[in-house]
Amino acid sequence: MLKELSFNIGGHILHSIFWDNLSPPGKGGGKPGGAIADEIQKEFGSFDRFKKEFSQAAASVEGSGWAALTMQERITRPLIMQIEKHNTNVYPSFKILMVLDVFEHAYYIDYKNERAKFVDAFWNLVNWDYVDKTLGLVK
Ligand SMILES: [Fe+2]
């Protein structure tokens with residue numbers, strides 16, 4: 001019962017973040033600016049490197065789940081994580097800045113089994129302003 005509750009709450013929270021970190025077609029994507037750009041540069045060396053690591057994390061989530069960019073609230077370092085199903089409660093005190101839904105329902109209609117293509121398309125829709133604003137709540 002608690003597991004089911006956690007699944008449903010996790011699903012609600014993760015989907016809410018997901019819709020917020022997406023922009024309408026043609027309005028998102030590109031490279032981030034602001035503090036989030038600095039954090040990515042500092043931790044991953046370059047935006048391209050970050051993009052590659054996040055894409056790999058998303059493509060390789062086993063079964064259903066999420067890729068997430070998070071910020072650890074105490075040490076304030078960004079970390080990419082994989083979330084199995086909807087469980088948001090695995091890592092304590094990590095604020096989720098951005099997620100990508102890689103449950104099959106998220107991409108099957110447009111991409112069939114080609115999750116990697118869906119992950120590529122995601123980069124054209126990221127709402128970096130939202131991600132940067134969320135980072136501002138942590139730092
Ligand atoms: Fe979903």
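All values reported here derive from a predicted model rather than from experimental measurement. For the numbers below, each heavy atom of this structure counts, side chains included, while hydrogens, waters and symmetry mates do not.
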>> The criterion is side-chain contact (heavy atoms from CB on, under 4.5 Å); which residues satisfy it with E73, sequence neighbours excluded?
In response: K95, V138
> Where the side chain of D110 meets the backbone of F118, is there a donor-acceptor pair that is under 3.5 Å apart?
Replying inline: no
> What residues, two or more places apart in sequence or in another chain, satisfy side-chain contact (heavy atoms from CB on, under 4.5 Å) together with A121?
Replying inline: Y111
> Heavy atoms, side chains only, cut-off 4.5 Å: are L69 and V99 in contact?
Replying inline: no
> How many angstroms lie between atom CG of D38 and atom CG of L135, to the nearest 0.5 angstrom?
Replying inline: 9.5 Å
>> Walk me through whether Y108 and F103 qualify under side-chain contact (heavy atoms from CB on, under 4.5 Å).
In response: CA-CA 9 Å; Y108 192 78; F103 274 64; over 6 Å; no
>> Could you see if W19 belongs to whatever hydrophobic cluster contains M98? Use Ile, Leu, Val, Met, Phe, Trp, Tyr and a side-chain cutoff under 4.5 Å.
In response: yes
> Mind checking what makes side-chain hydrogen bond (donor to acceptor under 3.5 Å, both in side chains) contact with T134, not counting sequence neighbours?
Replying inline: none
> What residues, two or more places apart in sequence or in another chain, satisfy ring pair (Phe, Tyr, Trp, His ring centres under 6.0 Å) together with Y130?
Replying inline: none
>> Could you report the tightest heavy-atom contact between S46 and I40, atom names first, then the distance?
In response: O-CG2, 4.1 Å
> Is N8 reaching over with its side chain to a backbone N or O of L5, donor-acceptor style, under 3.5 angstrom?
Replying inline: no
> Do T70 and P78 have side chains that get closer than 4.5 Å, going by heavy atoms?
Replying inline: no
>> K42: which residues meet the salt bridge (Lys or Arg N to Asp or Glu O under 4.0 Å) condition with it, sequence neighbours left out?
In response: E39
>> Can you pull out every side-chain hydrogen bond (donor to acceptor under 3.5 Å, both in side chains) where at least one residue sits in residues 97-107? Sequence neighbours excluded, please.
In response: H15-D101, D101-H105, Y107-R115
> To the nearest 0.5 Å, how far apart are CG in L22 and CG in L125?
Replying inline: 6.0 Å
> With I75, which residues qualify under side-chain contact (heavy atoms from CB on, under 4.5 Å), at least two apart?
Replying inline: Q72, R77
>> Can you list everything that forms a side-chain contact (heavy atoms from CB on, under 4.5 Å) with S23? Sequence neighbours excluded, please.
In response: K27, N127
>> With rounding to the nearest 0.5 angstrom, report the CG to CG distance, N21 to L100.
In response: 8.5 Å
> Can you find a pair of side-chain heavy atoms, one from I83 and one from L14, that are under 4.5 Å apart?
Replying inline: yes
>> Checking E53 now: which residues fulfil side-chain hydrogen bond (donor to acceptor under 3.5 Å, both in side chains) with it, not counting sequence neighbours?
In response: R49
>> Out of the candidates F47, F44, W123, only one should pair with F54 under the ring pair (Phe, Tyr, Trp, His ring centres under 6.0 Å) rule; please name it.
In response: W123
>> If you define the side chain from C-beta out and look only at heavy atoms, does anything of E43 sit under 4.5 Å from F50?
In response: no
>> Is it true that N87 and S6 share a donor-acceptor pair across their side chains at a distance under 3.5 Å?
In response: yes
> What residues, two or more places apart in sequence or in another chain, satisfy side-chain hydrogen bond (donor to acceptor under 3.5 Å, both in side chains) together with H12?
Replying inline: none
> Any salt bridge (charged side-chain N to carboxylate O under 4.0 Å, His left out) pairs touching residues 125-135, not counting sequence neighbours?
Replying inline: none
Acceptor/donor pairs from residues 58-66 side chains to any protein atom, 3.5 angstrom cut, sequence neighbours excluded:
residue: S60; atom: OG; partner: Q56; partner atom: O; Å: 2.7
residue: S60; atom: OG; partner: Q82; partner atom: NE2; Å: 3.0
residue: W66; atom: NE1; partner: K85; partner atom: O; Å: 3.2
residue: W66; atom: NE1; partner: H86; partner atom: ND1; Å: 3.1

